[in-house]
Amino acid sequence: MHTVVVGTSGVTASDVLAVARDGARVELSAEAVAALAAARGIVDTLAAKPEPVYGVSTGFGALATRHISQELRAQLQRNIVRSHAAGMGPRVEREVVRALMFLRLKTVCSGHTGVRPEVAQTMADVLNAGITPVVHEYGSLGCSGDLAPLSHCALTLMGEGDAEGPDGVVRPAGELLAEHGIAPVELREKEGLALLNGTDGMLGMLVMALADLDMLYKSADITAALSLEGLLGTDKVLAPELHAIRPHPGQGASAANMLAVLKGSELTGHHQDDAPRVQDAYSVRCAPQVAGAGRDTMAHARLVAERELASAVDNPVVLADGRVESNGNFHGAPVAYVLDFLAIAVADLASIAERRTDRLLDKNRSHGLPPFLADDAGVDSGLMIAQYTQAALVSELKRLAVPASADSIPSSAMQEDHVSMGWSAARKLRTAVDNLTRVIAIELYAATRAVELREGLTPAAASQAAITAVRKAGVQGPGPDRFLAPDLAAADGFVRGGHLVAAVETVTGPLR
């Protein structure tokens with residue numbers, strides 16, 4: 001099994017995906033262990049002094065003015081974890097919790113948190129054992145860290161609360177730790193706070209969304225090209241020289257992908273001899289511009305994620321010169337903004353895909369295709385209601401595009417009077433990505449049907465590869481009635497699993 005080694009300089013997006021989704025093992029580097037020990041020495045020195053130090057010998061948040069005596073400090077650290085584990089609602093997905101824990105470990109290993117090496121090792125041991133704390137949907141404001149979600153993870157380290165074992169069964173965390181030979185941690189000064197104070201949940205969800213969207217934007221370029229073929233549109237608008245004079249990188253990449261899919265098609269350009277239709281509709285002609293803008297948004301979001309992956313997010317932090325300083329680096333604004341920005345791009349990509357699907361189904365705009373792509377219109381409703389489903393998903397996506405980060409709600413007796421709502425932005429982006437997959441799947445279903453109905457004209461080799469793969473995957477049923485009862489769940493799984501991109505790339509080579 002692949003092993004991810006965590007050092008002091010952060011981790012990569014690939015590391016996050018390997019641990020969160022693929023169950024990769026985690027190890028601490030010797031450099032990280034040394035940095036942990038050095039920072040802990042600083043905290044121990046400050047803890048022995050009579051002067052109060054925030055997070056070491058004081059209360060937290062609005063209670064930071066109280067000096068805590070040494071005999072109460074272990075209780076203080078336990079209590080902050082217990083009191084902050086106040087999440088509610090449905091359970092968060094296993095991959096999100098693993099990303100959350102791994103990214104917290106990343107910051108702990110930076111040497112800026114003052115956590116002992118044995119606590120960091122326990123975090124790695126829990127991940128490696130396949131133990132997943134029960135974390136709930138609600139409880140984070142995206143400021144002072146994803147407090148409630150991270151607190152539920154810290155409870156597991158203490159042997160408290162509930163967690164899911166590698167067998168998928170939820171049981172008391174203490175039992176699971178014991179079964180795997182993991183001793184619960186007894187938190188000391190600064191450690192409880194250090195386990196809670198980070199943007200790890202929203203960052204993990206951003207990293208996973210970017211990975212999913214990379215595949216989905218390629219899928220959208222493919223389905224847009226298939227729709228263009230089905231509508232007998234022109235591929236002249238995809239010429240590189242046209243996109244070079246408006247040099248947005250994403251636009252050029254999307255146009256190049258569509259052009260690669262359409263190479264050799266006999267279906268494109270026929271409307272040039274059709275006097276009433278001078279040019280294609282915006283949903284066809286402007287596909288690279290819309291998808292390209294989303295790709296450029298992803299590039300910006302990826303830059304933010306890379307910076308955050310290299311960051312140590314905690315409060316207070318231990319500096320190399322021996323100071324322990326309070327700061328505001330836990331504020332989730334940088335991550336929250338791009339999470340919301342991506343939700344806007346996702347909604348628009350889905351919207352233009354739905355418009356192409358509707359055009360394929362409308363006999364007045366499809367240039368010779370049967371109504372609703374039905375075998376026997378009237379007796380058969382074809383894909384009429386599949387488009388209804390797509391429209392409902394797009395409407396939901398528009399609601400999900402409303403920014404969470406534009407809101408703020410004060411907390412902690414007005415000490416924490418401005419928050420990012422980044423966790424909420426991340427949660428709704430996950431739903432948006434999920435729904436975008438379904439929207440693209442429905443366009444794929446309609447576009448492949450439209451291309452097949454253009455008898456006497458040979459589609460592009462890449463299009464034919466997509467159609468063949470769709471049939472083999474069981475997305476279409478056998479025989480002439482295969483579109484009568486659309487298997488949209490199979491289409492969704494086909495796109496979600498990356499099979500559409502894989503099928504097309506056997507002909508085109510790697511898409512951009």
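Keep in mind the model is a prediction, meaning the values are calculated, not measured. Just the heavy atoms: all of them, side chains too, but no hydrogens, waters or symmetry mates, feed the values below.
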Please confirm whether the backbone N or O of Gly332 pairs with a side-chain atom of Thr199, one donor and one acceptor, at under 3.5 Å? no

Do His112 side-chain atoms and Val318 backbone N/O form a donor-acceptor pair below 3.5 Å? yes

Pair Arg78-Glu160, salt bridge (Lys or Arg N to Asp or Glu O under 4.0 Å): steps then yes or no: CA-CA 10 Å; Arg78 288 194 302 271; Glu160 301 181 15; over 6 Å; no

Ionic contact status for Arg171 with Glu179, cut-off 4.0 Å: yes

Counting only heavy atoms not in Glu186, do more than 12 fall under 6.0 Å of its CD? no

Can you find a heavy atom in the side chain of His331 that is under 4.5 Å from one in the side chain of Cys143? yes

Does the His152 side chain pair with the main chain of Gly87, one donor and one acceptor, at a distance under 3.5 Å? yes

Hey, is CD on Glu27 packed in by over 12 heavy atoms from elsewhere, all under 6.0 Å? no

Show the numbers, then the answer: is there a side chain to side chain contact (heavy atoms under 4.5 Å, CB included) between Asp44 and Arg188? CA-CA 10 Å; Asp44 286 341; Arg188 290 168 49 179; 3.5 Å; yes

Donor-acceptor pair, distance only, cut-off 3.5 Å: does the side chain of Gln75 make one with the backbone of Leu72? no

Strictly distance-based, threshold 3.5 Å: is any side-chain N or O of Ser326 a donor or acceptor partner for the main-chain N or O of Pro316? no

Less than 4.5 Å apart, side chain to side chain, heavy atoms only: is that true for Val96 and Val135? no

CD1 (Ile442) and CG (Asp492) are apart, to the nearest 0.5 Å, by 8.5 Å

In plain terms, say whether Asp200 and Lys106 are close enough for a salt bridge, that is, a side-chain N and a carboxylate O under 4.0 Å apart. no

Asn315 side chain vs Asn327 backbone, donor-acceptor pair below 3.5 Å: yes

Given Lys49 and Glu51, is the salt bridge (Lys or Arg N to Asp or Glu O under 4.0 Å) satisfied, shown in steps? CA-CA 6 Å; Lys49 293 183 177 181; Glu51 298 85 5; 5.8 Å; no

Quick one: do the Gln77 and Glu189 side chains pair a donor with an acceptor below 3.5 Å? no

Side chain Asp146, main chain Gly201, donor-acceptor under 3.5 Å: yes

Check whether any side-chain heavy atom of Arg91 sits under 4.5 Å from a side-chain heavy atom of Val170, and report yes or no. yes

For Val433, which of Leu397, Asp212, Leu210 qualifies under side chain to side chain contact (heavy atoms under 4.5 Å, CB included)? Asp212

Please lay out, stage by stage, how Leu195 and Leu150 fare under the test side chain to side chain contact (heavy atoms under 4.5 Å, CB included). CA-CA 7 Å; Leu195 294 176; Leu150 283 164; over 6 Å; no

If you round to the nearest 0.5 Å, how far is CZ of Arg295 from CZ of Arg512? 8.0 Å

Exercise: do Arg399 and Ser395 side chains pair donor with acceptor under 3.5 Å: yes

Taking all non-hydrogen atoms of both residues into account, name the closest pair between Glu443 and Thr223 and its distance. OE1-OG1, 2.9 Å

Measure the shortest side-chain to side-chain distance between Met215 and Leu500 over non-hydrogen atoms and say whether it is less than 4.5 angstrom. no

Apply the test side chain to side chain contact (heavy atoms under 4.5 Å, CB included) to residues Val126 and His180: give CA-CA distance (whole Å), side-chain angles for both, the deciding distance (0.1 Å), then the verdict. CA-CA 9 Å; Val126 168; His180 289 84; over 6 Å; no

Counting only heavy atoms from other residues, nucleotides and ligands, does the tally under 6.0 Å from CD1 of Ile409 exceed 12? no

Check whether any side-chain heavy atom of His2 lies under 4.5 Å from a side-chain heavy atom of Asp22, and answer yes or no. no

Considering non-hydrogen atoms only, spot the tightest contact between Val495 and Ala441 and give its length. CG2-CA, 3.9 Å

Which value, rounded to the nearest 0.5 Å, describes the distance between Leu28 atom CG and Thr8 atom OG1? 12.0 Å

Atom OG of Ser411 and atom CG of Leu141: how far apart are they, to the nearest 0.5 Å? 5.0 Å

Would you please say whether a donor-acceptor pair under 3.5 Å links the side chains of Asp314 and Thr113? no

For a 4.5 angstrom cut-off between non-hydrogen side-chain atoms, does Arg104 reach Cys153? no

Are Asp15 and Thr12 close enough that a side-chain donor and a side-chain acceptor fall under 3.5 Å? yes

Dump the intermediate steps for side chain to side chain contact (heavy atoms under 4.5 Å, CB included) on Val16 and Leu203, then the final yes or no. CA-CA 10 Å; Val16 176; Leu203 176 58; over 6 Å; no

Residues Val81 and Gly192: closest non-hydrogen pair is CG2-CA, 4.2 Å

Does Phe330, at its CZ atom, have more than 12 non-hydrogen atoms belonging to other residues, nucleotides or ligands within less than 6.0 Å? yes

Donor-acceptor pair, Arg73 side chain versus Ala47 backbone, under 3.5 Å? yes

Main-chain N/O of Ala503 paired to Thr506 side chain as donor or acceptor, under 3.5 Å: yes

The reported gap from CH2 in Trp423 to CG in Leu339 (rounded to nearest 0.5 angstrom) is 11.5 Å

Return yes if some donor-acceptor pair links the side-chain N/O of Lys398 with the main-chain N/O of Ser351 below 3.5 Å, else return no. no

Which heavy atom of Val439 sits nearest to which heavy atom of Ala353, and what is that distance? CG1-CB, 4.0 Å

Closest heavy-atom pair and its distance - Asp162, Pro172: OD1-CA, 3.8 Å

Do you know the tightest heavy-atom contact between Gln390 and Glu354? OE1-CA, 3.4 Å

First locate atom CE of Met202, then atom OG of Ser405, and finally report the distance between them rounded to the nearest 0.5 Å. 10.5 Å

Quick one, Val43 and Arg40 - any side-chain contact, counting heavy atoms below 4.5 Å? yes

Using a 4.5 Å cut-off on heavy atoms from C-beta on, say whether the side chain of Leu429 contacts that of Met205. no

